[in-house]
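Hydrogens, waters and symmetry mates play no part in the numbers below; they use all other heavy atoms, side chains included. Every chain is numbered from 1, with letters handed out A, B, ... down the list of sequences.
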There are 2 protein chains.
Amino acid sequence: MRDFSRSLPMSLLRAREAVMRQFRPKLREHGLTEQQWRILRALAAIDAAEVTELARTAFLLGPSLSRILRDLEARNLIERKTAKSDQRRSMVSISKEGVKLMAAVAPSSEAIYAEITRRFGARKLAELQEMLGELELCLASTEASDVADEM
Amino acid sequence: MRDFSRSLPMSLLRAREAVMRQFRPKLREHGLTEQQWRILRALAAIDAAEVTELARTAFLLGPSLSRILRDLEARNLIERKTAKSDQRRSMVSISKEGVKLMAAVAPSSEAIYAEITRRFGARKLAELQEMLGELELCLASTEASDVADEM
DNA sequence: CGCATTCACTTAACATGTTAAGTATCTCTG
DNA sequence: CAGAGATACTTAACATGTTAAGTGAATGCG
């Protein structure tokens, strides 16, 4: 059987871990996990969003997001209000404190990202991300065809 | 700020998720999680290993591995015995049942991997893994230099 | 309208990720 | 050979991943 340490999932896992290892300590200094940081960043970019939309953007599953939003709200980093037109929906937005926290973390985060880019090479990094995007795309279509098969 | 949906960590996360989404259903049919499967594969390749060695091979942290081994042992998929020379160490190996289970899952797993390779292209896949390895390598050296800085 | 279905989210349950602390064993030094 | 420190795990505590089930609100259809 193929040496599993060289399998694609393992390669991706190790590469991602190598990258995140650079960020985690700094985020931790500010009491943020990787996922919480993702949510704040997503919210900072779009002002307000429904939970489902946020889940898609931050690439989190609903249940994870539900928990994290509860915690972030308790820490006053985000705000929620239920939409008037549809009581099921709740609009989430980043709070002033959230913005302040982001401002505190963003420089370090950018610096780390710049260092990674410098080490790996900007051109190579772009190539890598291009390939990752293609991989994602060519596998995403699997599900569509599977669904088609079942119809 | 850089659009975070196009950040390297997100690219890696989405790509990996796209890949694992192909495997998870089949593993689930056999009552295995991704990590349990990694451990069984690692063990099948090396006969017996110490826990620490296994953690490195399967890219799991000690505590996760500890729990998973407890569960796999309860299911009689692995066996352990403490080393005679060093009572702290325990040697882990795959059981007959474990081998049987692997034999049942491996064909599907290989088929899925082959399909991914076909879709993405064998050459491109090799290139991608090469780049991922380089990324891992150039970031791993960070820690060494950090340690050096502190000395 | 009535009511089954869908929808947007939340809760629940179990497994893993992550860091810190605990335990037993070993090793090395004085 | 005693006792400090290192080693190999394990346990604990908290956060997230993953799937299934639950809840309340909207929708569509007879």
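There is no side-chain donor-acceptor pair under 3.5 Å between Glu79(A) and Ser95(A).
Between the C1' atom of dA13(C) and the CG atom of Leu61(A) lies a distance of 15 Å, rounded to the nearest Å. Atom CD in Glu17(A) sits about 10 Å away from atom P in dG17(C), given to the nearest Å. Taking atom CZ on Arg24(A) and atom C1' on dT18(C), their separation rounds to 8 Å, with Å as the unit. For the pair Leu32(B) CG and dT18(D) P, the computed distance is 16 Å after rounding to whole Å. Atom-to-atom, CG of Leu60(A) to P of dT10(C) comes out at 13 Å; the value is rounded to the nearest Å. To the nearest angstrom, P of dG17(C) lies 14 Å from CG of Leu13(B). Taking atom CZ of Arg14(A) as the reference point, atom C1' of dG17(C) lies 18 Å away to the nearest angstrom. Computed from coordinates, the Arg21(B) CZ to dG17(D) C1' distance equals 13 Å when rounded to whole Å.
Between Glu115(A) and Arg118(A) there is a salt bridge, with a side-chain nitrogen of the basic residue lying less than 4.0 Å from a carboxylate oxygen of the acidic one. A salt bridge links Glu17(A) with Arg24(A); the closest basic N to acidic carboxylate O contact falls under 4.0 Å. Electrostatic pairing of Arg123(B) and Glu127(B) does not count as a salt bridge here, judged by no charged N lying under 4.0 Å from a carboxylate O. Contact check on Glu97(A) versus Lys100(A) returns no salt bridge, with no Lys/Arg side-chain nitrogen under 4.0 Å from an Asp/Glu carboxylate oxygen.
Nucleic acid contact for Thr33(A): sugar-phosphate only, since backbone atoms but no base atoms lie under 4.0 Å from a heavy atom of the residue. Residue Leu65(A) is out of contact with every strand shown, counting any heavy-atom pair closer than 4.0 Å.
Side-chain N or O atoms of Arg119(B) include one that pairs as donor or acceptor with a backbone N or O of Cys138(A) at under 3.5 Å. Between the side chain of Gln36(B) and the backbone N or O of Thr33(B) there is at least one donor-acceptor pair closer than 3.5 Å. At distances below 3.5 Å, at least one donor-acceptor pair connects side-chain atoms of Thr57(B) with backbone N or O atoms of Glu53(B). Side-chain N or O atoms of Ser64(B) include none that pairs as donor or acceptor with a backbone N or O of Leu60(B) at under 3.5 Å. Remark: the backbone N or O of Ala58(B) is paired with a side-chain donor or acceptor of Arg38(B) at under 3.5 angstrom.
Of the residues in residues 67-78 of chain B, those lying under 4.0 Å from DNA chain D by heavy-atom distance are Arg67(B). Taking a 4.0 Å limit (strictly below) on heavy-atom distances, residues 42-59 of chain A does not reach DNA chain D anywhere.
Place Arg28(A) and Gly62(A) on DNA chain C by their nearest nucleotides, and Gly62(A) ends up nearer the 5' end. Residue Ser66(B) is the one, among Gln36(A) and Ser66(B), whose nearest nucleotide of DNA chain D lies closer to the 5' end (criterion: closest heavy atom).
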Quick test: give all pairs of protein nitrogen or oxygen and nucleotides 23-27 of chain C nitrogen or oxygen below 3.5 Å, distance rounded to 0.1 Å.
from    : atom 1 : to       : atom 2 : distance (Å)
dT25(C) : O2     : Arg88(B) : NH1    : 3.3
dC26(C) : OP1    : Gln87(B) : N      : 2.7

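Connection of Ile94(B) to Met91(B) is not established within any shared hydrophobic cluster, with ILVMFWY side chains joined at heavy-atom distances below 4.5 Å, either directly or through further cluster members.
The CD1 atom of Ile116(B) sits 4.0 Å away from atom CZ of Phe23(B), with the distance rounded to the nearest 0.5 Å.
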